[in-house]
Visitor: 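Below you'll find the structure I mean.
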There are 2 protein chains.
Amino acid sequence: MTTQSQGLHTHVLDTLGLEISSGQCPPGSVLRTDELAQRFDVSRTVVREVVRVLESMHLVESRRRVGVTVRPTETWNVYDPQVIRWRLAGADRPRQLRSLTVLRSAIEPVAAGLAARHATAEQCAELTERALGMVATSRGQQLEGYLEHDIAFHRIVLNASGNEMFARLGDVVAEVLAGRTHHQVMFEDPDPAAVTLHVRLAEAVREGDPEAAERITKEIAVGALHELDVLAP
Amino acid sequence: MTTQSQGLHTHVLDTLGLEISSGQCPPGSVLRTDELAQRFDVSRTVVREVVRVLESMHLVESRRRVGVTVRPTETWNVYDPQVIRWRLAGADRPRQLRSLTVLRSAIEPVAAGLAARHATAEQCAELTERALGMVATSRGQQLEGYLEHDIAFHRIVLNASGNEMFARLGDVVAEVLAGRTHHQVMFEDPDPAAVTLHVRLAEAVREGDPEAAERITKEIAVGALHELDVLAP
DNA sequence: AACCCATTAGGTACGACTTATTCAAGAGTC
DNA sequence: GACTCTTGAATAAGTCGTACCTAATGGGTT
């Protein structure tokens, strides 16, 4: 998922991005383009392009006569999906999952409220379908199927909110949900209460009840946060 | 604020980014690296680095034998501060300001609630100081001074929330507030009610009252949204 | 302490070559 | 004759290496 050999650029970028965001190259450490070119056995051109991209993500800073310096964490573009993926793959996944889940708990209730006002008939139908899909896959170790429906469900809500910024958070939510399923040792079937809440949320949106949609989504968020507290200290 | 001549790369990137996000190069249009190199009178090297950065923002897609294609809006990295700046400088600033303000109205109340729990004594002090600064500059056409305090105030709240994702939204909020002051023809002094709310929010955070902090911030957000409705149809 | 200069590593430019796509022309089939 | 399939030439991005420019740095000189 992280790297293919579809181009030298991609490979170098992904490797460096991962090393930096995993803390392997701590803030302040200096990279030299020539060394990188040697290390990856690519031309300086490729390295420079990679550095420029990392620079645009504020992961590094390139200064003459000094080299490419890793910048402090506070300046990262933490909303860049690529950065999120790197960080989720790295060492502090727990911390990252937590802050992203808190973000979700702030955004999604509001988005759900808006969705209840703006969702089209088609979106309502697809939402219901996904909720039913979650019910159908909620028992018997069908975690992957459940995950797919879960992601699609939340994506629809965010899109239906009609707000561009919310809609673009779909990828982030997808990463969080996938991370939770794949890495948080989720042996068991999903919490039945959560499944019910999703069904009820679909109903609330369909019936155009913003208050209910917001309230129910808050409950879902509380559940997700609680789950984090239980599974990760 | 947008562009300096601090490097060819920066200039080309900024110009192209602006042209693309302002819809001047609509999605689907194709750019050729050689043409760009000619147009900006720079080497292909520089153009390629710029294209790579635009690609990392998902503004364009570079394919062999076809050129650099502008991607549809839905794929932009709309959380990238650079993209936000370009879009706010472009044609659809109103739409952009609205969706960003809605985002704020979702995030900031939650952030304020967390800030009331986690803010350090120092942060509380600075918050109060900024609130007083807002009061002091709220009358007599001191819009720039007011703006500075306003930005600092919201930044502190977001930082004090202790959540990294919230904290990194400080730049976005700053852009929104600056955009509002500079472009929304804000002849008059700020709304006294809003000033009062900021003072009360500082108090609530200092006294560690999350519910009050959240409630007050919601009121501030409602005011901001209402202001948009009045000034921009 | 202030100044100057050599060193260093990134910034830019250019030219050559490679590779993936595309598009169109031509061969083959029904 | 219309259609599909193959093939090959044209094209624009991808990669590379080198040469040179420029700014920041650190040490050495006054």
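Values reported hereafter were calculated over all heavy atoms of this structure, with side chains retained and with hydrogens, waters and symmetry mates removed. Small disclaimer: the values here were computed from a predicted structure and weren't measured. A, B, ... follow the sequence lines: proteins, then strands. Residue 1 opens every chain.
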Visitor: Whole-Å distance between dC17(C) P and Leu8(A) CG?
Guide: 20 Å

Visitor: Measure CZ/Arg44(B) against P/dT11(D) and give the value in whole Å, please.
Guide: 15 Å

Visitor: OP1 or OP2 of dG11(C) sitting under 4.0 Å from any side-chain N/O of Arg52(A)?
Guide: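 The answer is yes; a side-chain N or O of Arg52(A) sits under 4.0 Å from OP1 or OP2.
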
Visitor: Closest approach of Leu100(B) and Ile84(B), non-hydrogen atoms and distance?
Guide: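 In terms of heavy atoms, the two residues are closest at CD1-CG2, 3.9 Å.
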
Visitor: How many Å lie between CG on Leu36(B) and C1' on dT12(C), as a whole number?
Guide: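 So the CG-C1' distance, Leu36(B) to dT12(C), works out to 17 Å.
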
Visitor: Take the protein atom CD of Glu35(A) and the nucleotide atom P of dG10(C), then report the distance between them rounded to whole Å.
Guide: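 Interatomic distance, CD of Glu35(A) to P of dG10(C): 9 Å.
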
Visitor: Does dA12(D) have OP1 or OP2 under 4.0 Å away from a side-chain N or O of Arg32(B)?
Guide: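 Indeed, a polar side-chain atom of Arg32(B) lies that close.
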
Visitor: Could you give the CD-to-C1' distance, from Gln38(B) to dA12(D), as a whole number of Å?
Guide: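 Rounding to the nearest Å, CD of Gln38(B) and C1' of dA12(D) are 14 Å apart.
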
Visitor: Need one value for Val42(B): base, sugar-phosphate or nothing, where a base atom within 4.0 Å counts as base even if backbone is also close, heavy atoms only.
Guide: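 Sugar-phosphate only.
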
Visitor: If you define the side chain from C-beta out and look only at heavy atoms, does anything of Leu103(A) sit under 4.5 Å from Tyr79(A)?
Guide: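 Yes - at least one pair of side-chain heavy atoms lies under 4.5 Å apart.
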
Visitor: Quick check for you: among dT21(C), dA13(D), dG10(C), whose closest atom lies nearest to any side-chain atom of Asp34(A)?
Guide: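 Side chain of Asp34(A) sits closest to dG10(C).
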
Visitor: Any base atoms under 4.0 Å from Ser62(B), or only sugar-phosphate, or nothing? Heavy atoms, all strands.
Guide: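 Touches sugar-phosphate only.
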
Visitor: Closest nucleotide of DNA chain D for Glu49(A) versus for Arg65(A): which of these residues is on the 5' side?
Guide: Glu49(A)

Visitor: Starting from the 5' end of DNA chain D, give me the residue, Val68(B) or Arg64(A), whose nearest nucleotide shows up first.
Guide: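 This one resolves to Val68(B).
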
Visitor: To the side chain of Arg63(B), which of dT22(C), dT12(C), dT21(C) is closest?
Guide: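 Minimum distance to the Arg63(B) side chain belongs to dT22(C).
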
Visitor: Can you confirm whether the side chains of His149(A) and His198(A) place a donor and an acceptor under 3.5 Å from each other?
Guide: no

Visitor: Side chains of Thr69(A) and Arg63(A): donor-acceptor distance under 3.5 Å anywhere?
Guide: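 Short answer, no.
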
Visitor: Between dG10(C) atom C1' and Glu55(A) atom CD, what is the distance in whole Å?
Guide: 10 Å

Visitor: Do Gln82(A) and His58(B) have side-chain atoms, one donor and one acceptor, less than 3.5 Å apart?
Guide: no

Visitor: Looking at Thr33(B), I'd like to know whether one of its side-chain N or O atoms comes within less than 4.0 Å of OP1 or OP2 on dA13(D).
Guide: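 Yes.
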
Visitor: Send over the distance from Phe40(B) CZ to dA13(C) C1', rounded to a whole Å.
Guide: 17 Å

Visitor: How is Arg48(B) classified with respect to the nucleic acid when contacts are heavy atoms under 4.0 Å: base, sugar-phosphate, or nothing?
Guide: base

Visitor: For the pair made of CG in Leu13(B) and P in dT12(C), what is the distance, rounded to whole Å?
Guide: 12 Å

